[in-house]
Amino acid sequence: MAFNPSARQASLIKAAIFVLALLPLARMVYLTLTGQLVEPLEFITRGTGDWTLYFLCFTLAVTPLRKLSKWNWLIKLRRMLGLYMFFYGFLHFMTFLWFDHFFDVQEMWKDVLKRPFITVGFIAFVLLLPLAATSTNAMVKRLGGKRWQWLHRLIYVIAPLAILHFWWMKAGKHNFTQPIIFGLILGALLLMRVYWARSKALTAATVAR
Ligand code: HEM
């Protein structure tokens, strides 16, 4: 089904998604401030972790959805979704640094090095930093398209690390359902990209012959 919104409609859709993406944070703040949570710290740490993972999935879903539906305008949403992934990841990290360690960076380091699931989450977050820092048009221009694309392939490392972090965290409770579901979703989204990239390379090689 073709759906080609005008530039104005596409901007409205983007603005609506921008607002919707803030609702999970608004809910967390509201429930905390109104004292409705039994374990607010755990709720916020887990909530922000969950939303980092959801936005990772949404960001990686843009290209496959665009290719399958031919809705090319979807590409306009990708950067914003990626930045929301970083935003919730940053809040997730800050909750950990604040509530778990009261901004004691040395204590935080000890914890990061001691608990493997946190080590892995931390590496995933650090790898998100260059992606967020190079998300502007000016940075794409400065790096050049090819180098920018190479750098953004870090997402192929970040996604498995995020799943490993989630898996390890759940391992204590022997509850792997969610990590398996998200692992399958992210695996499928990444494999589709690999498949399309290989088909493109093969076509280019055939044409060049
Ligand atoms: C890309 C980066 C990251 C992603 C996608 C991510 C995702 C998640 C997810 C999905 C959860 C489980 C939430 C639930 O139970 O529903 C979680 C929990 C947690 N994460 Fe992360 N995380 C990331 C980075 C980090 C970092 C950088 C740290 C700290 C240095 C961290 C520390 C934690 C902690 C302490 C928990 C809660 C464990 C518990 O309640 O027992 N994560 N994360």
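Order of listing sets the numbers, starting from 1, for every ligand and every atom in it. Source: prediction; values computed, not measured.
Only the side chain of Met169 comes within 4.0 Å of ligand 1, counting heavy atoms alone; its backbone N, CA, C and O stay farther away.
The six-membered or imidazole ring of Phe93 lies away from that of Trp98, with a centre-to-centre distance of 6.0 Å or more. Taking the centre of each ring, Phe55 and Phe86 stay at or above the 6.0 Å mark.
The closest side-chain heavy-atom distance from Thr134 to His152 is below 4.5 Å. With a 4.5 Å cut-off on side-chain heavy atoms, Thr48 and Phe43 do not count as touching.
Remark: the backbone N or O of Glu39 is not paired with any side-chain donor or acceptor of Glu42 at under 3.5 angstrom. With hydrogens and angles ignored, the 3.5 Å screen pairs a side-chain donor or acceptor of Arg79 with a backbone N or O of Ser135. One N or O on the side chain of His92 and one on the backbone of Thr45 form a donor-acceptor pair closer than 3.5 Å.
Contact annotation: Phe117 has at least one heavy atom less than 4.0 Å from an atom of ligand 1. In this structure, Met108 falls outside the shell of residues with a heavy atom less than 4.0 angstrom from ligand 1.
In this structure, of Lys173, Met94, His101, His165, the residue bringing a heavy atom nearest to atom 8 (C) of ligand 1 is His165. Between atom 40 (O) of ligand 1 and the options Glu42, Glu39, Arg46, the minimum heavy-atom separation is to Arg46.
Regarding atom 25 (C) of ligand 1, its nearest protein heavy-atom neighbour is His92 CD2, 3.3 Å. The shortest contact between atom 37 (C) of ligand 1 and any protein heavy atom is with Thr45 CG2, 3.8 Å. Taking atom 16 (O) of ligand 1 as the reference point, the nearest protein heavy-atom neighbour is Asp50 OD1, 2.7 Å. When hydrogens are left out, the protein atom nearest atom 24 (C) of ligand 1 is Gly121 O, 3.4 Å; that is the closest non-hydrogen contact.
The salt bridge (Lys or Arg N to Asp or Glu O under 4.0 Å) check on Arg153 picks up nothing, with sequence neighbours excluded.
Counting the atoms of ligand 1 from 1 in the order shown, those under 4.0 Å from a heavy atom of Phe166 are 10 (C), 12 (C). Against a heavy-atom cut-off of under 4.0 Å, Phe96 is close to the following atoms of ligand 1: 29 (C), 30 (C), 35 (C). Those atoms of ligand 1 that come under 4.0 Å of a heavy atom in Ala162, given as number and element, are 5 (C). Atoms of ligand 1 found under 4.0 Å from any heavy atom of Phe125, numbered from 1 in the order shown, are 27 (C). Of all atoms in ligand 1, numbered sequentially from 1 with element shown, those under 4.0 Å from a heavy atom of Ile118 are 29 (C), 30 (C). Listed by atom number, the atoms of ligand 1 under 4.0 Å from Gly49 heavy atoms are 7 (C), 8 (C), 9 (C), 10 (C), 43 (N). Listed by atom number, the atoms of ligand 1 under 4.0 Å from Ala124 heavy atoms are 1 (C), 2 (C).
Here the straight-line distance linking atom CZ of Phe3 with atom CG of Leu74 works out to 9.0 Å at 0.5 Å rounding.
We find that Asp50 and Arg46 are not joined by a salt bridge, their nearest charged nitrogen and carboxylate oxygen being 4.0 Å or further apart.
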